[in-house]
Number of protein chains: 2
Amino acid sequence: MRQRRRGSVQRVTMSDVARVAEVSPMTVSRALNQPDAVRPELRERVQEAVRKTGYIHDRIASALASHRSGMIAVILPTIASSMFSDSVRGISEVARARGAQIVLAETNYSVMEEEAAVAALLGRRPDGFIVIGTIQSERTRSQLVRAAVPVVETWDTTEEPVDSLIAFSNRDAAQAMTEALADLGYQRIAFAGVANGDRRARLREEGYRAGLTARALHAPQVVYVEDLTSMRSGALVADMVTALAPQPDALFCLNDVLAAGALLALQRKGLRVPDALGVAGFGGFDFAEHLVPSLTTVDVPRYAIGHEAACVLMDRIEGLADAHKISRTEFQICLRESTRDIIL
Amino acid sequence: MRQRRRGSVQRVTMSDVARVAEVSPMTVSRALNQPDAVRPELRERVQEAVRKTGYIHDRIASALASHRSGMIAVILPTIASSMFSDSVRGISEVARARGAQIVLAETNYSVMEEEAAVAALLGRRPDGFIVIGTIQSERTRSQLVRAAVPVVETWDTTEEPVDSLIAFSNRDAAQAMTEALADLGYQRIAFAGVANGDRRARLREEGYRAGLTARALHAPQVVYVEDLTSMRSGALVADMVTALAPQPDALFCLNDVLAAGALLALQRKGLRVPDALGVAGFGGFDFAEHLVPSLTTVDVPRYAIGHEAACVLMDRIEGLADAHKISRTEFQICLRESTRDIIL
DNA sequence: ACCAATAATGGTAGCGCTACCATATAACGA
DNA sequence: TCGTTATATGGTAGCGCTACCATTATTGGT
């Protein structure tokens with residue numbers, strides 16, 4: 001007799017369950033996947049047999065046979081930002097409710113790593129992809145199209161989404177904030193961004209520049225940091241901005257982490273916010289409204305984006321929705337204590 | 001001829017690649033999985049054929065045949081806390097380097113959801129599990145043991161880990177902080193925890209109580225909130241603590257989010273920290289050292305825990321490490337401006 | 001009472017890959 | 001020179017499940 005394959009542990013299979021329940025393997029499969037297609041009595045017997053044998057339904061074999069893996073791939077820049085982790089929570093909630101699991105890959109804001117992540121996850125044959133951000137690489141885009149897998153991009157707009165999109169315009173949002181600051185009476189608004197940023201970062205900076213133009217203000221004053229995810233960078237921003245000439249009266253940061261870091265560093269320097277310098281962020285993080293002074297920010301429905309993305313994706317997967325659906329989500333300018341109405 | 005199965009798209013398989021490269025499918029498999037076992041010339045030809053055909057290695061079929069899925073399951077309370085998302089980053093980094101992918105499930109601090117999550121992920125036949133926290137459910141524990149899958153628990157100690165453990169003692173850490181506060185001269189130290197908390201929460205509270213006893217201080221004064229992940233809860237803590245009689249002179253919070261929320265709420269009430277009330281947190285979050293005043297906290301190597309856990313797990317999976325390895329990681333008491341030396 | 005339509009089960013043939021063994025070829029020593 | 005061992009490739013038989021069809025039991029209409 002043939003030797004047992006290496007690594008193969010004696011495993012309870014569907015046939016074992018079938019034998020115990022005295023039905024065919026097919027009936028076990030049905031009882032598990034479409035309970036309504038099996039007479040209640042047999043269903044019971046199968047469930048009982050599953051319990052007795054400690055059977056675990058092998059979703060790997062199931063995926064191979066059915067071409068449905070029940071996994072959704074999530075691609076994001078980094079998990080260590082409440083920006084995106086809140087969206088992942090939204091995805092996770094929907095996935096759990098609808099019996100799917102999440103496979104995760106981080107890109108560290110790099111297009112190359114995005115390519116690698118998508119390529120690696122495609123081999124898992126996920127039922128769909130959710131991308132935090134839009135697909136940047138042309139090669140990746142065509143891979144996804146060729147694989148004919150549903151894709152939901154999020155957190156940005158784009159002219160040509162791969163498939164579906166949960167969109168808000170980072171550019172418009174940043175412009176709206178810049179104009180809101182101008183409308184409060186701020187005359188010199190500086191911007192803190194990242195060098196070599198991703199598309200969202202570039203678009204926010206563009207929005208800032210457009211806002212200045214729209215309000216016929218001064219030439220842009222931009223400072224750059226390397227790392228956009230740490231408060232320490234925000235402290236660097238504070239240093240750089242206070243050294244600018246002419247001295248800005250407001251600072252608009254790429255995100256709330258930088259803004260909070262800057263705000264706190266300014267406090268530490270003894271500069272009062274908003275009297276010495278108005279500060280605004282982007283993202284609507286939890287801590288923004290709790291800081292003293294509370295932080296003016298662009299609030300973005302982070303959780304809702306993930307939730308909606310997952311719903312759209314699951315509907316696509318189950319054939320309930322059409323491709324190329326574009327949903328808009330709304331950002332909201334939240335003016336708080338870190339900026340004030342100068343005109344009053 | 002038999003109809004094509006529903007859902008089956010014309011897909012490039014290993015046989016197609018083999019035909020193009022003019023080798024056998026087995027050689028393609030080897031060229032992909034153990035390149036050194038194939039002559040360089042053939043390897044080249046296979047790689048060329050892969051490129052030409054746009055072949056994507058199907059890891060589902062591979063997993064079924066080889067009993068190695070290349071996935072690691074990560075179970076955590078919630079992704080929306082930098083506590084755990086930093087650890088996930090550490091895991092993700094190692095996974096990427098070693099060619100594995102991460103499947104994620106959240107438990108929302110609930111034992112029932114932990115059971116459900118493990119059960120669901122077991123069906124994916126992951127090569128191993130990383131649990132943020134220790135396994136709470138006896139049923140889940142025995143499921144994992146029966147499945148003979150490597151497990152690394154983290155973020156806590158336990159008498160009997162399922163398998164391996166990356167440990168630090170929440171109890172000892174909380175006790176150490178309580179004693180450190182006592183040593184600064186604080187006389188009445190209150191604690192903010194969660195009602196119906198998980199094991200870590202309970203242990204931290206225990207540590208607090210033990211610390212009071214060790215320093216022969218007053219009876220414990222504990223306030224509880226429902227939600228431990230929001231700053232708003234921290235603000236509630238501030239309200240509750242200022243209403244306590246006798247009035248505490250220090251507040252030790254279950255985590256840094258609560259502590260930061262409390263600290264900022266106290267500022268907003270016009271109470272000065274640390275003069276009116278010392279505040280300490282737990283977790284060593286990024287923002288703790290940037291707050292004004294900076295937050296005294298128990299620093300925990302969040303990223304390193306994830307990184308180490310993933311390394312241990314991968315070694316276990318690849319047979320390089322033994323089971324039941326227990327690594328200790330160190331916490332660190334960081335005394336900062338939110339507490340001060342009263343004795344001086 | 002008989003046939004058509006419906007519902008519930010079972011049998012079979014893969015899904016796409018890799019473990020295992022068999023085979024062929026090269027390298028090597030005596 | 002001839003076996004003898006190492007090295008490289010190929011063939012085959014599954015991994016555990018489900019799509020598809022065949023079969024049987026049940027229902028309903030006339």
Side-chain angles (χ1 to χ4, degrees), chain A residues 1-19 21-46 50 53-70 122-125 127 147, chain B residues 1-19 21-46 50 53-70 122-125 127 147:
Chain A
M1 188 188 160
R2 198 186 181 114
Q3 218 178 326
R4 170 138 61 250
R5 293 174 146 218
R6 209 185 89 215
S8 166
V9 181
Q10 193 55 34
R11 193 166 266 166
V12 180
T13 73
M14 206 168 251
S15 301
D16 298 322
V17 176
R19 201 170 318 114
E22 299 181 295
V23 294
S24 78
M26 262 323 297
T27 301
V28 176
S29 177
R30 282 200 197 89
L32 262 38
N33 295 317
Q34 339 160 30
D36 293 340
V38 174
R39 262 171 38 225
E41 187 214 325
L42 287 194
R43 203 191 306 152
E44 292 273 309
R45 246 159 64 198
V46 169
V50 166
T53 55
Y55 172 69
I56 293 173
H57 186 193
D58 190 328
R59 309 285 262 104
I60 295 273
S62 169
L64 183 61
S66 69
H67 301 280
R68 285 276 254 114
S69 68
L122 266 175
R124 300 279 169 201
R125 306 251 174 248
D127 294 336
Chain B
M1 188 188 159
R2 198 185 181 115
Q3 221 178 325
R4 171 138 61 251
R5 294 173 145 218
R6 209 186 90 215
S8 165
V9 181
Q10 193 56 34
R11 193 166 267 166
V12 180
T13 72
M14 206 169 251
S15 301
D16 298 322
V17 176
R19 203 171 315 114
E22 298 180 295
V23 295
S24 78
M26 261 325 295
T27 302
V28 177
S29 177
R30 281 201 198 88
L32 262 37
N33 295 318
Q34 339 161 30
D36 293 340
V38 175
R39 262 171 39 224
E41 188 213 326
L42 288 195
R43 205 190 306 151
E44 292 274 308
R45 249 161 62 199
V46 168
V50 166
T53 54
Y55 172 69
I56 293 172
H57 187 191
D58 190 330
R59 310 283 262 105
I60 294 275
S62 169
L64 183 60
S66 69
H67 300 281
R68 285 276 254 114
S69 68
L122 266 175
R124 299 279 168 203
R125 306 252 174 247
D127 294 337

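Each chain gets a letter, A, B and so on, in the order the sequences are listed, and its residues count up from 1.
Rounded to an integer number of Å, the gap from D16(A) CG to dG16(D) P is 9 Å. For R125(B) and dG16(D), the CZ to P distance is 8 Å, given to the nearest whole Å. Residue E41(A) contributes atom CD, which lies 13 Å from atom C1' of dT9(C) at whole-angstrom precision. For H67(A) and dA13(C), the NE2 to C1' distance is 13 Å, given to the nearest whole Å. Taking atom OH on Y55(A) and atom C1' on dC17(D), their separation rounds to 7 Å, with Å as the unit. The distance from atom CZ of R59(B) to atom P of dC17(C) is 12 Å, rounded to the nearest whole Å. Regarding Q34(A), its CD atom lies at a distance of 9 Å from the P atom of dT18(D), rounded to whole Å. In this entry the distance linking CD1 of I60(B) with P of dT18(C) reads 13 Å, nearest Å.
Nearest to the side chain of L64(B), among dC17(D), dG16(D), dC17(C), sits dG16(D). Between dG16(C), dT18(C), dT9(D), one nucleotide has an atom nearer to the side chain of T27(B) than all others, and that is dT9(D). Candidate nucleotides dT18(D), dC15(D), dG11(C) were compared by shortest atom distance to the side chain of M14(A), and dT18(D) ranks first. For A65(B), taking side-chain heavy atoms from C-beta onward, the closest of the listed nucleotides dA19(C), dC15(D), dG10(C) is dC15(D). Nearest to the side-chain atoms of M26(B) among the listed nucleotides dC15(C), dT9(D), dG11(D) stands dG11(D). Comparing dT18(C), dA8(D), dC17(C) against the side chain of N33(B) picks out dT18(C) as the nearest. Listed nucleotides: dA8(C), dG16(C), dC17(D). Nearest to the side chain of A61(B): dG16(C).
Under the 3.5 Å distance criterion, the side-chain polar atoms of R43(B) are matched with a main-chain donor or acceptor of V38(B). At distances below 3.5 Å, at least one donor-acceptor pair connects side-chain atoms of S69(B) with backbone N or O atoms of R125(B). With hydrogens and angles ignored, the 3.5 Å screen pairs a side-chain donor or acceptor of R45(A) with a backbone N or O of A21(A).
Comparing V23(A) and R30(B), the nucleotide of DNA chain C nearest to each residue sits closer to the 5' end for V23(A). Residue order along DNA chain D, read from the 5' end via each residue's closest nucleotide, puts E22(B) first among E22(B) and D58(A).
A sub-4.0 Å separation between OP1 or OP2 of dT18(C) and a side-chain N or O of H57(B) is present. Dashed line: the shortest gap from a side-chain N or O of S62(B) to OP1 or OP2 of dT18(C) is under 4.0 Å. A close approach under 4.0 Å does not occur between any side-chain nitrogen or oxygen of S66(B) and OP1 or OP2 of dT18(C). Using a 4.0 Å cut-off, no side-chain N or O of S29(B) falls inside it from OP1 or OP2 of dC17(C). Not one side-chain nitrogen or oxygen of R39(A) sits closer than 4.0 Å to the OP1 or OP2 atom of dA7(C).
Of all heavy-atom pairs spanning I60(B) and L64(A), the tightest one is CG2-N, 3.7 Å. Closest approach of V46(A) to V28(A), counting heavy atoms only: CG1-CG1, 4.1 Å.
Counting any heavy atom pair closer than 4.0 Å across all strands shown, L42(B) reaches sugar-phosphate atoms only and no base atom.
If you run side-chain contact (heavy atoms from CB on, under 4.5 Å) between S62(A) and each of H57(A), M14(A), H67(A), R68(A), only H57(A) comes through.
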